[in-house]
Amino acid sequence: MAAELSPIDQAKYVAARRSVDFVESGMKLGLGTGSTAAWMVRCLAERVRDEGLEVTCVPTSTRTADLAKASGLTVVALDEVKWLDLTIDGADEFDQNLNLIKGGGAALLQEKIVATASDRMIVIADAAKEVAQLGAFPLPVEVVPFGWQTTKALIEETLYSLDVMNREVSLRMVGDAPLRTDEGHYLLDLNLKRIGNPRQLALVLNQIPGVVENGLFIDICDIVVIGHGDGRVTVRDINSGRIETGAVDLTESRNIFADLD
């Protein structure tokens with residue numbers, strides 16, 4: 001299976017495969033959303049099936065919930081467990097301080113709620129997601145539909161006082177209609193090119209009326225697992241400063257992901 005994947009998909013797969021090594025029986029887990037997180041859900045389900053792990057899972061989107069249930073995982077709502085041992089999720093970008101941009105999969109609100117309700121957050125990503133400075137990937141901002149154009153104008157005005165390179169703001173669409181998140185909100189994508197002060201930007205955006213949440217995850221991620229197309233994996237722990245390197249044997253991978261995009 002793995003030999004048939006592109007290098008970028010192999011990188012996502014090995015990061016996902018390595019991340020589930022952190023899972024222990026009895027844990028309550030947050031399951032992220034996105035292409036790399038989908039690999040993780042399948043890898044986790046394989047461990048549960050083959051090793052008899054007992055885990056309780058809280059998904060961050062309906063897409064992840066559907067995949068987890070179809071894979072045989074036990075899925076509950078966050079309110080049932082209230083607090084989680086670990087969340088594993090992807091990221092659109094991360095920097096050396098493990099600050100993240102998330103929301104490319106349109107699930108940033110639930111992802112941030114679940115991540116902050118966890119003892120630890122592990123991010124899984126291919127090596128291309130690491131950047132010297134956040135901002136090349138458009139920053140998603142979840143807003144209420146009522147008055148969204150006013151909210152957009154307020155965001156654009158606010159950006160002029162902040163350390164960003166570009167200030168283009170667009171409404172995310174699906175065909176001819178605005179995309180709706182699982183919570184029924186709209187998403188504005190901020191094409192900033194460079195974010196000089198992510199912490200300040202995150203705080204300021206959330207003060208604007210109509211903004212529900214933004215896709216900057218600051219001081220939330222504890223560990224990043226970085227996959228490479230040749231099977232190498234790097235694990236970086238921001239708290240201990242430890243960096244570990246290893247590899248996943250791609251020849252032993254099972255054909256359990258054939259139905260994934």
* Kindly indicate, with the supporting measurements, whether the criterion side-chain contact (heavy atoms from CB on, under 4.5 Å) is fulfilled by Thr234 and His228. => CA-CA 8 Å; Thr234 303; His228 303 266; 3.6 Å; yes
* Asked: Just by distance, do the side chain of Ser71 and the backbone of Leu73 share a donor-acceptor pair under 3.5 Å?
  -> no
* Mind checking whether Val58 and Val76 have side chains closer than 4.5 Å, heavy atoms only? -> yes
* Are Asp119 and Trp83 side-chain neighbours, meaning at least one heavy-atom pair lies under 4.5 Å? -> yes
* To do: Check whether the side chains of Asn239 and Asp222 place a donor and an acceptor atom closer than 3.5 Å, and report yes or no.
  => yes
* Please check if the side chain of Asp89 supplies one atom and the backbone of Thr33 the other of a donor-acceptor pair under 3.5 Å. => yes
* Ion pair check, Arg17 and Glu46, cut-off under 4.0 Å -> yes
* May I ask you to test the Glu111-Thr87 pair for a side-chain heavy-atom distance under 4.5 Å? => no
* Asked: Is there a donor-acceptor contact under 3.5 Å from the side chain of Thr60 to the main chain of Leu31?
  -> yes
* Asked: Using a distance-only test with no angle check, is there a side-chain donor-acceptor pair under 3.5 angstrom linking Thr245 and Arg232?
  -> no
* Answer yes or no: are there more than 12 heavy-atom neighbours, outside Glu157 itself, under 6.0 Å from its atom CD? => no
* **Pair Asp95-Gln133, side-chain donor/acceptor within less than 3.5 Å** => no
* Asked: Side chains of Thr181 and Val212: closer than 4.5 Å at any heavy-atom pair?
  -> no
* **Flag side-chain contact, heavy atom, 4.5 Å: Ser25 against Leu53** => yes
* Asked: Is the shortest distance from a Lys or Arg side-chain nitrogen in Lys112 or Glu142 to a carboxylate oxygen in the other one below 4.0 Å?
  -> no
* Asked: Is a side-chain N or O of Asn214 found less than 3.5 angstrom from the main chain of Leu205, in a donor-acceptor match?
  -> no
* Asked: If we ignore angles and hydrogens, is there a donor and acceptor under 3.5 Å between the side chains of Thr74 and Thr56?
  -> no
* To do: Identify whether the distance between the nearest side-chain nitrogen and carboxylate oxygen of Asp66 and Arg63 falls below 4.0 Å.
  => no
* Got Leu201 and Leu159 here, is their nearest side-chain heavy-atom distance under 4.5 Å? -> yes
* Verify the neighbour count for atom CD of Glu51: are there more than 12 heavy atoms of other residues, nucleotides or ligands below 6.0 Å? => yes
* To do: Determine whether Val225 and Phe22 make a side-chain contact, defined as any pair of heavy atoms from C-beta on separated by less than 4.5 Å.
  => yes
* **Asn191 side-chain N/O to Asn166 backbone N/O, donor-acceptor pair under 3.5 Å** => no
* Asked: Tell me, do Ile223 and Arg120 make a side-chain contact under 4.5 Å, heavy atoms counted?
  -> yes
* **Check: Lys102 side chain, Ala107 main-chain N or O, donor-acceptor pair, under 3.5 Å** => no
* Check for a donor-acceptor pair, side chain of Asp92 on one end and backbone N or O of Gly103 on the other, with a separation under 3.5 Å. => yes
* **Lys193 side-chain N/O to Val164 backbone N/O, donor-acceptor pair under 3.5 Å** => no
* Using a strict cut-off of less than 4.0 Å between a Lys/Arg side-chain nitrogen and an Asp/Glu carboxylate oxygen, indicate whether Arg172 and Asp189 qualify as a salt bridge. => yes
